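One structure is given here, and the rest of the page talks about it.
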Amino acid sequence: MTVPESTYRVQLRPEFPFGDAAGIAGYLRDLGIGALYASPVLDAAPGSTHGYDVVDPTRARPELGGEAARQELGALLKELGLGLVVDIVPNHMSVEVPKLNRWWWDVLEHGRDSEYASFFDIDWERGPLLLPVLGDDDAVAELSVEDGELAYYDHRFPIAPGTEAGTPQEVHERQHYRLIGWRRGNAELGYRRFFDITNLAAVRVEDPKVFAETHGEVLRWVADGDVTGLRVDHPDGLADPGGYFRRLRENAPNAWIVAEKILHPGEPLPQSWPVDGTTGYDALREIAGVFVDPAGEPGFTELATELGVKTGYHRVEAEARRLVTDRILVAEVRRIAALLRGLDQDAARAAVAETMIAFPVYRSYLPEGAAHWAAAIAGARQARPDLGAALDALDAQVRAEPDGELATRLQQTSGMVVAKGTEDTTFYRYTRFAALNEVGGNPDRFGLDVEEFHRLAAEREAGYPAAMTTLTTHDTKRSEDTRARMAVLAELPGEFADAVRRWTVRRGIAEPALNLLAWQTLVSTWPIEPDRLRGYLDKAAKEAKLRTSWTDHDETFEADVAAWPADVMGDAELAADIEAFVARIERPGYANSLGQKLVQLTAPGVPDVYQGTELWDFSLVDPDNRRPVDYAVRREILARVADGEQPEIDASGAAKLLVVHKALRLRREHPALFRGYRPLRAEGAAAKHVLAFTRSADLAVAVTRLPVGLEAGGGWGDTVLPLPDGVWTDVLTGRDATPDVATLFDRYPVALLVRGDA
């Protein structure tokens, strides 16, 4: 099996194609990376900046340079000794421009007689396919017939063979599809989609023929040795994730395979999946959490309550999930409820919705994970005692037929309810302390203690030592450095609360949850450009769905939010106050950043570096985190570091690149050092401010945590870190290490230690 020592995630797009990825391959090798990890590379919707909207899985994306450029990149990576990990999307395809997806086009043209009718998850019993593309249903009058196709503005749709001429409306009524107003999509759609995105139609990869057609090209690259690893997007949307991974493993026996599976704390990865682990959100939660001070929780709860932000997490979450079942995924709930036998549809729909709302995890994998299913049923009973009989019927049918269509569809959809309700809604409503509001995170759990971190790291080493670990991805709500600086606030709850009170009086946002989120975001990304902050707050306001949303706009409120960044930064007195506060948290934030990065790079698992984050990166949610990366600056700093420079910890971020480079090079050149896991425990007055562990007998890692409290307590004092016998050298500074922590950390707040000549 080809397990990389580390990966570097690159967001390919028309402005950064295969050729540009090849242009940084030498830099990645010099940095110490083991494999380039690319976003989806199959043909996608025109201009796509992410590639998850595949239109043709049988060819490399022409906008990235096509097959020739892909082969050139692969050959170069092999020459440099680097692997290539590719992101694949088995759950869905883009149908936004029907003609670009030849399978979808054929289905629209021939209906259920199409040879591709079984490729998509379509409910043919509902009649013609409903395509919610019109501004409203009256727009049907604007249809025309052009070049033998039904046209609506710049979108074209096929006309079924044999259709007689007539008016556009008459032709429309004789097709295998109906164009309808976009607002009807959530309630009436007859095909499964990716979450609530109607132009991403679900694909039935559980069918061996569909699997072969959608995976053949990528698997050819794997067989040729051009691709050494696969990252599988959103497996929870599949009918049978376990079966899918078994088929994938059979066809790619030597590939490194990681699944984008979001695990709840304490939830294990299904044992039957033949994968190397997750894509690392569980590791992110643990690593970031150990740098958050639990003592800050009461102060943040008090501030949120005072400002009018709801602080009952599970109630907020239930409300948000119910919004999803009742207004966003209505068609999906109805389709599932129709499979429930012996109940009227109102009771069936209520039972299905309430069960998905109550899921403690993203989904169950019956018969595995039966306890999660039982917990969902129990939670639904508690929330709706009046649904007892309906829930009994649902529970009985699902347990009796765990492979049946009802159980399958309900499990597929529960993950959509959780993701849309929790990640995309609750995380923008429950803004008490936003550093915890991360994919795979639990905002109601304020931090992680050191002993729990050690236990979880040891479990990863024992169970999934080749799982990916991460701190930043294309899907994270904020980048690792933004989160690290925000974590400092947990050590200063009183000071931050006082600041927010006076700032809110001066320039507050009218909606409380967004107001609190905005101030946390501003200080953790300062100095952020007003346009970037404006875009983020607009997305946050619409995702929260409190005062405005993507579909129902409050134009006045949106205008106020759009004006907020410039108003705040243009208020000289307020801006000076904010800048002074940021100066208070900036250096502790750097310490947190270096600490969590060194832990991620050296702890069990395969560490991923998201593009550009080898320097400070204070990004927010997409699309902000897809901005171009300045590799010229990074090459120049790497050259200095490679020549022996030990940079200061300053705004340049060079100190972070030093840590990244030294850890990655050591990992790639001496992989045997990174085996095993044992806690190291400091002793003395400031012992709680040290997180340390050994991997092999000859590698030790030590980092500083809770730096504000450390300084307030008078520094390290007599604190020592007892090291195993021998002479230890800090790879970051080249100096001999000492057990005296004050001396060990006098240059950097982190240390990477090797013993003897290891």
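The shown structure was predicted, so the numbers you read here are calculated from the model rather than taken from an experiment. Along the sequence shown, the residues carry numbers beginning at 1. What's counted below: heavy atoms across the whole structure, side chains too, no hydrogens, waters or symmetry copies.
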Provide the closest heavy-atom pair for Asp236 versus Lys261 in the form atom of the first, atom of the second, distance.
OD2-NZ, 2.9 Å
Do the side chain of Glu260 and the main chain of His234 share a donor and acceptor less than 3.5 angstrom apart?
yes
Please determine, by modelled atom types, if Thr473 and Asp475 share a side-chain donor-acceptor pair under 3.5 angstrom.
no
Is there a donor-acceptor pair under 3.5 Å between the side chain of Trp256 and the backbone N or O of Ala466?
yes
Please check if the side chain of Asp233 supplies one atom and the backbone of Val89 the other of a donor-acceptor pair under 3.5 Å.
no
Going by atom types alone, do Glu368 and Ser272 pair a side-chain donor with an acceptor below 3.5 Å?
yes
Cation-pi between Arg705 and Phe291: NZ/CZ under 6.0 Å from ring centre and within 45° of the ring axis?
no
Salt bridge or not between Asp226 and Lys78? Use side-chain N to carboxylate O under 4.0 Å.
yes
What's the shortest heavy-atom distance between Ala663 and Thr602, and which atoms?
CB-CG2, 4.4 Å
Note: Glu480-Lys656 ion pair, threshold 4.0 Å (strictly below):
yes
Answer yes or no: is there a donor N or O on one side and an acceptor on the other, between the side chain of Thr729 and the main chain of Val731, under 3.5 Å?
no
Asp56 side chain to Thr58 side chain, donor-acceptor N/O pair below 3.5 angstrom:
yes
Quick one: does Arg675's side chain have a donor or acceptor within less than 3.5 Å of a partner on Pro671's backbone?
yes
Using the ring pair (Phe, Tyr, Trp, His ring centres under 6.0 Å) criterion, which residues pair with Tyr116? Sequence neighbours excluded.
Trp103, Phe119
Go through the steps to decide whether Gln600 and Gln596 satisfy the test side-chain hydrogen bond (donor to acceptor under 3.5 Å, both in side chains), and finish with yes or no.
CA-CA 6 Å; Gln600 185 230 348; Gln596 67 177 10; over 6 Å; no
Glu614/Arg634 under side chain to side chain contact (heavy atoms under 4.5 Å, CB included): CA gap, chis, key distance, verdict
CA-CA 8 Å; Glu614 60 269 36; Arg634 286 160 176 78; 3.2 Å; yes
Whether Trp728 side chain and Pro724 backbone form a donor-acceptor pair below 3.5 Å
yes
Starting at CD1 of Ile262, measure out to CD of Glu267 and round the result to the nearest 0.5 Å.
10.0 Å
Grab the two heavy atoms, one from Pro14 and one from Leu64, that are nearest each other, plus how far apart they are.
N-CD2, 4.1 Å
Do Thr278 and Asp282 have side-chain N/O donor and acceptor atoms under 3.5 Å apart?
yes
Using 4.0 Å as the upper bound for N to carboxylate O, is an ion pair formed by Asp121 and Arg204?
no
Residues Arg9 and Tyr37: side-chain donor-acceptor under 3.5 angstrom
yes
Cationic N near anionic O, under 4.0 Å, Arg483 to Glu438:
yes
Where the side chain of Thr228 meets the backbone of Leu84, is there a donor-acceptor pair that is under 3.5 Å apart?
yes
Donor-acceptor under 3.5 Å (Asp630 side chain, Val633 main chain):
yes
Does the side chain of His474 pick up a donor-acceptor pair with the side chain of Asn625 at under 3.5 Å?
no
Using 4.0 Å as the upper bound for N to carboxylate O, is an ion pair formed by Lys477 and Asp424?
yes
For Phe211, does the six-membered ring have the charged nitrogen or CZ of Arg247 within the cation-pi criterion, i.e. under 6.0 angstrom from the centroid and within 45° of the normal?
yes
Nearest atoms (heavy-atom pairs only) where Phe427 meets Asn437:
O-ND2, 2.9 Å
Could you give me the CA-CA distance, side-chain angles and deciding distance for Val606 and Glu5, then say whether side chain to side chain contact (heavy atoms under 4.5 Å, CB included) is met?
CA-CA 6 Å; Val606 176; Glu5 294 85 10; over 6 Å; no
Please find the pair of heavy atoms, one from Lys597 and one from Val660, that lie closest to each other, and give the distance.
CG-CG2, 4.0 Å
Report the C-alpha separation of Ser39 and Asp87 in whole Å, then their side-chain angles, then the decisive distance to 0.1 Å, and conclude whether the side-chain hydrogen bond (donor to acceptor under 3.5 Å, both in side chains) test is met.
CA-CA 5 Å; Ser39 57; Asp87 199 341; over 6 Å; no
CA sep, side-chain torsions, deciding dist, call: Thr476, Tyr610, side chain to side chain contact (heavy atoms under 4.5 Å, CB included)
CA-CA 11 Å; Thr476 44; Tyr610 184 74; over 6 Å; no
Does this structure show an ion pair linking Arg627 with Asp624, if we count only N-O contacts that are shorter than 4.0 Å?
yes
Indicate yes or no: does Glu63 engage Arg13 in a salt bridge with an N to O separation below 4.0 Å.
no
Any luck finding a side-chain donor-acceptor pair between Tyr52 and Asn91 under 3.5 Å?
no
Within the side chain of Arg70, is there an N or O that forms a donor-acceptor pair under 3.5 Å with the backbone of Phe18?
no
Side-chain ion pair, Asp30 and Arg665, N-O less than 4.0 Å
no
Criterion side-chain hydrogen bond (donor to acceptor under 3.5 Å, both in side chains) against Tyr677, the qualifying member of Glu461, His454, Arg695
His454
Would you call Arg445 and Glu452 a salt bridge, using N to O less than 4.0 angstrom?
yes
Could you pull out the closest heavy-atom pair between Leu601 and Phe674, with the gap in Å?
O-CE2, 4.4 Å
Could you walk me through whether His372 and Tyr362 pass the side-chain hydrogen bond (donor to acceptor under 3.5 Å, both in side chains) check?
CA-CA 9 Å; His372 296 138; Tyr362 273 66; over 6 Å; no
Between Glu459 and Arg455, does at least one N-O distance fall below 4.0 Å, as a salt bridge requires?
yes
Look at the side chain of Arg478 and the backbone N and O of Leu620, then say whether any donor-acceptor pair between them is shorter than 3.5 Å.
no
